[in-house]
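Everything below concerns the one structure shown next.
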Amino acid sequence: STPHTTLLNYLVGFCALAAALYSQNTLNGLWWFALCVLVNMARMSWYKSAHTHVNSLAGLDKHLTNCWRLTLGSGLVWALIAFCSNGYSSELGMVFLIMVCAITGASVALMQSHSILAITFATPPLLTAVACMVLIEATPTRLWLALAIFTYWIALVGTALRCQQVFLQSARDKHEASHLALSLHDTLEHLRNSSTTLIQQAHQDSLTGLSNRHGFMQTFSGTLEPRKKGFLCLMLLDLDGFKSVNDCYGHSAGDAALAAVGNWLKEQIAGLFNASTERVGCGRLGGDEFVVFCEVDTAQHANSVANNLILSFTNNVNSSHAHHLGISIGMRLASEPTTLSDLLLGADEAMHAAKQAGRNRVQLYDETLQQALNVKRDIGRDMMLAIDNKQIELHFQPIVGSLGRRTDSFEGLLRWKHPSHGWINPENIILVAAHNGCSGELTRHIIDQACEGLLQFSRQHSNEVRVA
């Protein structure tokens, strides 16, 4: 709802500015509207950048905290609108009050899924209005208005809480119903077609009708040799935005989208290549990853095929959710005999690089990616030995206080100088440790070094020393 609430902020804010200018409260109106614009720009900037980084519970918690802070900032700006009407005592004071009541009421309607945001936004301007009515020109009429505004605020809080409960229950019921329907359908199909399904599952993906990982690997097993003056080409396709479809519309919608992508891919490959005279095939490796193997004359030919797939995706995928999706393609070419496993390894690295670069991208596996892959392989292979030999070290950076005369604490910095690749980025150390299943060993090693350092610092410093 951020784009909608931001647009509403601009519209009502512009009306408030016009009212301030009309009542000759120009200076207050201009600086208030400037604050309103700045906060809304910050909210939209956060909204555009937040979608790509919410991949865990910790990320979601940070996401919601930032959202709450920006919402509170917007509410505080609307509380300051009282300065544009001399505490709602000017000729147009009631107009400003109506604007405040309107935008706070709209916030409840637009933020039903998260009541704390609506309450956070509505509370500062409404309670400020109550204070102004009581403290500035406290006539009986204004006191009654203060009571009415306070009652309105209580009603908004109650409505926001009830709306969130209804929203959550509805989403929960929908998800449970979709999951139950899908489970029932899968069970019935399994009972009716158990023998056929077992055979197909060995080589074919039941959802899309394409080859599965086992079938695809078996089709192109052994050493693959390119034709003369040509290249072997393997493309790994990963759907952009598929998780959003699954989360927003349920697994049945996600499965329907995957099936539609499978049909689209088969049609595209049939139109681009002649399967009777060329080695070509496509499959689904699992999840939202698809693969295409073909032979091309040049690298430009391979790029043309990949770009054609991207251009035709949205308009030709027969799914109601196709506009939510895109594809990132990692591609590896080989002019010498190789294996499908090697091609997949390079294409996977290129695909991840394409996704990092943005939606609907093609990335060719090149020397830079080869070097990155070599680094990952080597540090993954050598990590346990480096932990055992204490080659992964914790460097302590002092944090000083008292104008630089005293060390208050130390910050532990993870460092590893690999014998072949030099200093390794700490982020890569942690990611590779998680991928290789040795995060526990690495964590214990870091804690041991931190404790040793803390013991040594305690001996050298009379004051208490902390290590972060």
Side-chain angles (χ1 to χ4, degrees), residues 55-56 178-179 182-183 185-187 189-190 193 196-221 224 233-269 280-294 306 309-310 313 317 319 321-322 324-332 339-356 359-363 365 373 376 380 431 434-437:
N55 301 318
S56 63
S178 299
H179 182 72
L182 182 61
S183 299
H185 173 75
D186 289 344
T187 302
E189 287 298 318
H190 178 72
N193 308 301
T196 304
T197 300
L198 288 174
I199 297 173
Q200 289 179 344
Q201 284 181 345
H203 299 90
Q204 187 179 23
D205 176 52
S206 59
L207 185 61
T208 62
L210 301 174
S211 297
N212 59 17
R213 177 182 288 273
H214 176 73
F216 191 82
M217 297 292 289
Q218 192 174 64
T219 301
F220 300 100
S221 60
L224 303 173
C233 176
L234 188 127
M235 302 180 192
L236 197 59
L237 289 70
D238 188 89
L239 297 184
D240 301 323
F242 177 72
K243 186 179 183 302
S244 297
V245 173
N246 251 349
D247 292 344
C248 296
Y249 302 102
H251 292 290
S252 57
D255 287 347
L258 288 175
V261 172
N263 291 332
W264 162 80
L265 189 58
K266 282 186 285 189
E267 293 173 359
Q268 291 297 311
I269 297 304
V280 63
C282 59
R284 177 188 173 212
L285 298 184
D288 58 348
E289 286 189 353
F290 294 81
V291 62
V292 174
F293 175 86
C294 59
L309 290 176
I310 289 177
F313 182 80
V317 174
S319 170
H321 306 294
H324 293 290
L325 301 174
I327 51 173
S328 295
I329 301 179
M331 182 169 57
R332 181 170 184 179
T339 63
L340 187 62
S341 296
D342 286 340
L343 291 174
L344 275 171
L345 196 62
D348 184 67
E349 190 72 17
M351 184 268 291
H352 286 296
K355 290 189 76 67
Q356 291 175 0
R359 218 175 136 103
N360 294 325
R361 299 293 183 101
V362 178
Q363 177 65 54
Y365 184 75
L373 184 59
K376 288 183 181 179
L431 290 176
H435 183 267
N436 291 358

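Please read these numbers as outputs of a predicted model, since none were measured by experiment.
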| task | List the steps and the verdict of side chain to side chain contact (heavy atoms under 4.5 Å, CB included) for Met235 and Val362. | result | CA-CA 9 Å; Met235 302 180 192; Val362 178; over 6 Å; no

| field | Gap separating the CZ atom of Arg213 from the CG atom of Asp205, nearest 0.5 angstrom | value | 12.0 Å

| Rounded distance (nearest 0.5 Å) linking atom CD of Gln363 with atom CD1 of Ile329 | 11.5 Å

| Spacing of Phe293 atom CZ and Thr219 atom OG1 [to the nearest 0.5 Å] | 11.0 Å

| request: Look at the rings of His203 and His214 and say which category their plane angle falls in: under 30° parallel, 30 to 60° tilted, over 60° perpendicular. | output: tilted

| request: Report yes if the side chains of Asp348 and Glu289 come closer than 4.5 Å at any heavy-atom pair, otherwise no. | output: yes

| note | Correct closest heavy-atom pair for Ser341 and Met217 would be OG-CE, 3.6 Å

| task | Find the distance between CG (Leu344) and CG (Leu285) and round it off to the nearest 0.5 Å. | result | 6.0 Å

| query | What's the verdict on side chain to side chain contact (heavy atoms under 4.5 Å, CB included) for Leu258 and Leu239, showing C-alpha distance, side-chain angles and the deciding distance? | reply | CA-CA 9 Å; Leu258 288 175; Leu239 297 184; 3.8 Å; yes

| query | Are Phe220 and Leu234 close enough that some pair of their side-chain heavy atoms sits under 4.5 Å apart? | reply | no

| said: Looking at Asp240 and Leu325, would you say the former's side chain and the latter's main chain have a donor-acceptor pair under 3.5 Å? | reply: no

| Step by step, would you call Asn246 with Asp288 a side chain to side chain contact (heavy atoms under 4.5 Å, CB included)? | CA-CA 11 Å; Asn246 251 349; Asp288 58 348; over 6 Å; no

| task | Check Leu210 against Gly283 and note the closest heavy-atom contact, atom names and distance. | result | CB-CA, 3.8 Å

| message | So, taking the atom named CE in Met351 and the one named CD in Glu349, what distance separates them when rounded to the nearest 0.5 Å? | response | 9.5 Å

| What is the minimum heavy-atom distance between Ser211 and Phe216, and which atoms define it? | CB-N, 3.8 Å

| field | Any side-chain heavy-atom pair of His251 and Ser178 under 4.5 Å | value | no

| task | Would you name the heavy atoms of Val317 and Ala260 that are closest together and state the gap between them? | result | CG1-CB, 3.8 Å

| request: Begin with the C-alpha distance, continue with both residues' side-chain angles, and end with the deciding distance and a verdict on side chain to side chain contact (heavy atoms under 4.5 Å, CB included) for Ile327 and Val261. | output: CA-CA 10 Å; Ile327 51 173; Val261 172; 5.8 Å; no

| task | Measure up the Trp264 and Phe313 rings against each other and bin them: parallel (under 30°), tilted (30 to 60°), perpendicular (over 60°). | result | perpendicular

| said: To check you understand the geometry: which heavy-atom pair defines the closest contact between Ala350 and Tyr365, and what is its length? | reply: CB-N, 3.9 Å

| remark: Minimal heavy-atom distance between Val291 and Leu236, with the atoms involved, is CB-CD1, 4.1 Å

| said: Could you go through Asp238 and Ser328, starting from their C-alpha distance and side-chain angles, then the distance that decides it, and tell me whether this counts as side-chain hydrogen bond (donor to acceptor under 3.5 Å, both in side chains)? | reply: CA-CA 5 Å; Asp238 188 89; Ser328 295; 6.0 Å; no

| Does Asp342 offer a backbone N or O that forms a donor-acceptor pair with the side chain of Arg332 under 3.5 Å? | yes

| remark: CD of Glu267 to CD1 of Ile269, rounded to nearest 0.5 Å, is 11.5 Å

